[in-house]
Amino acid sequence: MNVTLPDGKVLTLGHGATGGDVAGAIGPGLAKAALAVEVDGKVWDILRPLEGDANLRIITRKDPEALELIRHDTAHVLAMAVQDLFPGTQITIGPNVEDGFFYDFVRPTPFTPDDLPKIEARMREIVRADLPTRREVWNRAEAIKHFEEIGETYKAEIIRDLPGSDVITVYYHGDWHDLCRGPHFSSTGKIGQGFKLMKIAGAYWRGDAKNAQLQRIYGTAWRDEKELDAYLKRLEEAEKRDHRRVGREMDLFHMQEEAVGQVFWHAKGYSLYRELENYIRRKLSWAGYDEVKTPLLLDRKLWEQSGHWDNYRKNMFVAEVDDEKKTLAVKPMNCPGHVLVFKQGTKSYRELPLRIAEFGSCHRYEPSGSLHGLMRVRGFVQDDAHIFCTHDQITSETTAFCRLLLDVYRDLGFEDVRVKLSTRPENRIGSDEIWDKAEKALADATTAAGLDFALNPGEGAFYGPKIEFVLRDSIGREWQCGTLQVDFNTADRLGATYIAEDGSKHPPVMLHRAVLGSMERFIGVLIEHYAGKFPLWLAPVQAVVTTIVSDADAYAGEIAAELKAAGLRVELDLRNEKINYKVREHSLAKVPYLLIVGRREAENRTLTVRRLGVEAQESLALTDAIPMLRADAVPPDLRRP
RNA sequence: GCCGCAGUAGCGUAGUGGUAGCGCAACCCCUUGGUAAGGGGUAGGUCGCGAGUUCAAUUCUCGCCUGCGGCACCA
């Protein structure tokens, strides 16, 4: 049996040799470090006998595969510990997730938070006991029978649903066993102690709300305790920039019971909101959009006609008055309103593409459990627009939109953008010919804008394909914000047409598109991306003028007034506090510019500038400082290069 | 919506079957201090809401509301 190593070297071994034997043949050090092997591209147990000639690579703790194995082995140890401590608990599945793993259990009484330390302690014992791992191949029927007999009905169900071609393998760790595809380490001790149980949660069997709810335990696992600590520290840091926390600390917004899922924007938060809105408004205006404003309440009949009443009635707020029989619905989206605007007067092909934009206030009755700060709300404003165009204009309009979006994201501090293209679903309207055309148009347009896309087959809307834009924030999290959807249906359904070159009437194609998605959510993303330290043009308070001694009060007031006159958002802090205290406080408040004046500055008509996060101070003449600050605060789209 | 947990002053928290403390913030006084917390004092609470048990409930029980962590959902 010949084994080829990554460097091209070929080792000849006897029949039945394992990956461990290969490592041993290379050297004793490697034999010790080897945790698993990659055999012809697949990760195998170190103790599994090779089945013939193969390309083989030794996996040690440093390899990314090792971390995956650590996590999955830890999931097994979790299941062992749980069954040990809570006899009668059924095990179901326990896959890896980002940064860790979970295992889903079936148990009449739910776990409590107090159980976690107990389970974790038992897990550490199991790891220290270094129980040996054994892999067995089982007969399918016997496996089903076995798991039924020991009361593991979910495991039996899993086996029944496995494709007939799959080999049924069972892994033993000591006496405990589990149905598992593997691979695993040769013993539980190889896991190490860099793991921790994180939380308990309910989760539906097979991810379906119609099924039973299982008890899920989440854990995290790393190569060693140092990596674990680093991870826990990262979580703490992420928590510090949580938009709900920063929003309170910086007095940006609040939410309360009387308006569940809706935002009370405070003066500072709304300043940020308006700055962002005005920025988008300028971008839209330059991109040839017409901004409109349409009613929040529209007759039920319109929603029936558009199809929303049938499909989304449960998620709509309705409004009724005593004196009229009409039912009005609070708009959950802006499309019908924009179609009604389009339908005013006769539209010619010469007017297309017609881009109708709106900062559209929408309300949706979202499930209570899905609400999350600004990220998922019931009342929100979309930076929405509908482009009414011909089939031939889809590509060019989409390309232009991609460019606009990338431009905006870059201005807002996001360079890393991914695109997903969702294609025709099973249930759809329109001919395959039109779908072919639309999908190709989106693909071509995205490529033309210099973007790569990932395919999301079958995930499109029933009325047309769509692209979605996912941005990555400063700590690596991804957020889906922008979208563009092709719609062959709505205009026709609501009776909107244009007159073509040959005098015939056609419904226009509608492109539904949003750059930010929702103002609320995007501001949430911005808060977390910048951890509240906004670029100057967005910062709610751009500068604080403060004094060292009260003799400088009058001068400080003069500076604040001049800056205000220059269009800056300035606050004046004349409190009788030490300068150390004020510096600390305004730094924690994330104010970009601290302008400090004492006796010296008042005499020379200068000021001392301290930028957030920079300890160095700079002394400037007042006459120089004002134009400098004003220039610095110009929004990115208004800067002359 | 489902599972679990939680709700005490603006924020962060302690605590108890006999109606509540602490820190920061607020307010007042002293301090005028040159770049990340100067000192002293004062005020602030229907312990989420409703019911039940009890001589007595913030504490125990039930229901509801809201929030948090997941799951499901997201036109």
Side-chain angles (χ1 to χ4, degrees), chain A residues 97 102 104 107 109-116 198-218 239 242 244-245 248-249 251 254-261 303 306-316 331-336 362 364-373 375-378 380 382 461-463 466 480 483 485 487 489-490 512 517-518 521 546-553 574-589 594-601 608-610 612-619:
Chain A
V97 291
F102 65 78
D104 282 349
R107 204 172 160 241
T109 35
F111 295 110
T112 71
D114 294 340
D115 294 333
L116 286 189
M198 303 298 284
K199 53 198 166 201
I200 305 165
Y204 297 107
W205 168 238
R206 300 210 147 145
D208 189 334
K210 289 195 281 291
N211 290 338
Q213 197 153 37
L214 314 176
Q215 296 291 313
R216 176 172 295 179
I217 297 180
Y218 281 94
E239 205 181 308
D242 186 300
R244 293 165 296 187
R245 176 171 169 166
R248 187 181 344 96
E249 288 169 352
D251 194 17
H254 89 274
M255 300 172 91
Q256 66 180 60
E257 271 188 60
E258 286 73 8
V260 173
W303 302 108
S306 70
H308 292 104
W309 193 263
D310 282 344
N311 291 312
Y312 303 106
R313 164 72 189 86
K314 278 198 176 61
N315 296 304
M316 290 165 72
K331 67 176 175 180
M333 49 177 19
N334 308 298
C335 337
C362 296
R364 296 178 186 177
Y365 184 73
E366 301 287 3
S368 56
S370 67
L371 301 177
H372 180 94
M375 301 303 191
R376 186 84 178 266
V377 286
R378 287 183 176 158
F380 56 98
Q382 294 178 318
F462 71 93
Y463 50 71
K466 62 179 173 185
Q480 195 209 297
T483 179
Q485 306 181 7
D487 177 359
N489 182 239
T490 304
H512 307 245
S518 110
R521 180 177 149 86
T546 191
T547 50
I548 295 165
V549 291
S550 53
D551 288 355
D553 284 3
L574 301 181
R575 287 175 308 165
N576 176 11
E577 296 286 355
K578 290 217 163 103
I579 192 60
N580 286 348
Y581 180 87
K582 294 189 193 176
V583 166
R584 175 182 155 85
E585 209 178 49
H586 297 301
S587 299
L588 289 174
L594 250 179
L595 308 176
I596 299 172
V597 293
R599 244 180 233 117
R600 270 203 311 267
E601 287 81 358
T608 302
V609 178
R610 182 177 168 138
L612 181 60
V614 182
E615 272 182 55
Q617 312 151 35
E618 193 186 354
S619 184

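What you see below is based on every heavy atom in this structure, not just the backbone, and it leaves out hydrogens, waters and symmetry mates. First the proteins, then the strands, lettered A, B, ... as listed; each starts at 1.
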So, is Lys199(A) near the phosphate of G70(B), with a side-chain N or O under 4.0 Å from OP1 or OP2?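 Checking G70(B) against Lys199(A), a side-chain N or O does come within under 4.0 Å of OP1 or OP2.
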Please determine whether a side-chain nitrogen or oxygen atom of Tyr218(A) lies at a distance below 4.0 Å from atom OP1 or OP2 of C71(B).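 The answer is yes; a side-chain N or O of Tyr218(A) sits under 4.0 Å from OP1 or OP2.
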Which protein N or O atoms sit under 3.5 Å from an N or O of nucleotides 23-28 of chain B?
| residue | atom | partner | partner atom | Å |
| --- | --- | --- | --- | --- |
| A25(B) | OP1 | Tyr581(A) | OH | 3.1 |

Just the atom pairs and distances: protein N or O near nucleotides 64-67 of chain B's N or O, under 3.5 Å.
| residue | atom | partner | partner atom | Å |
| --- | --- | --- | --- | --- |
| C65(B) | O2' | Glu257(A) | OE1 | 2.7 |

When only distance counts, do a donor and an acceptor, one from the side chain of [X] and one from the base of [N], lie under 3.5 Å apart?
X	N	result
Arg376(A)	C73(B)	yes
Gln213(A)	C2(B)	yes
Arg610(A)	A36(B)	yes

5′-ward residue of the pair Gly373(A)/Ala203(A) relative to RNA chain B: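 This one resolves to Gly373(A).
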Starting at [atom1] of [X] and ending at [atom2] of [N], how long is that distance when rounded to a whole Å?
X	N	atom1	atom2	result
His586(A)	A37(B)	NE2	C1'	13 Å
Phe380(A)	C74(B)	CZ	P	14 Å
Leu214(A)	C2(B)	CG	C1'	12 Å
Met198(A)	G4(B)	CE	P	21 Å
Asn315(A)	C74(B)	CG	C1'	8 Å
Ile217(A)	G69(B)	CD1	C1'	14 Å
Ile200(A)	A6(B)	CD1	P	11 Å
Gln485(A)	C74(B)	CD	P	13 Å

Considering only atom P, compute the distance from U46(B) to A9(B) and round it to an integer number of Å.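 Pairwise P distance, U46(B) against A9(B), rounds to 9 Å.
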Are there any protein N/O atoms within less than 3.5 Å of an N/O atom in nucleotides 40-43 of chain B, and if so, which ones and at what distance?
none

Which atom pairs, one a donor and one an acceptor, fall under 3.5 Å between side chains of residues 307-316 of chain A and the rest of the protein, sequence neighbours left out?
| residue | atom | partner | partner atom | Å |
| --- | --- | --- | --- | --- |
| His308(A) | ND1 | Ser306(A) | OG | 2.6 |
| Asn311(A) | ND2 | Gly307(A) | O | 3.2 |

Using the salt bridge (Lys or Arg N to Asp or Glu O under 4.0 Å) criterion, which residues pair with Arg376(A)? Sequence neighbours excluded.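 With sequence neighbours excluded, Arg376(A) shows a salt bridge (Lys or Arg N to Asp or Glu O under 4.0 Å) to Glu366(A), given in chain and number order.
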What I want to find out is whether Asp208(A) reaches Arg206(A) closely enough, with some N-O distance under 4.0 Å, to be called a salt bridge.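 No, this pair does not count.
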Please determine whether the number of non-hydrogen atoms from other residues, nucleotides or ligands lying under 6.0 Å from atom CD of Glu615(A) exceeds 12.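 Check fails, neighbour count at 12 or below.
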Pairs counted as Watson-Crick or G-U wobble with both distances under 3.5 Å: what dot-bracket string results for RNA chain B, using | for bases tied to another strand? (((((((..((((....[..)))).(((((.......))))).....(((((..]....))))))))))))....
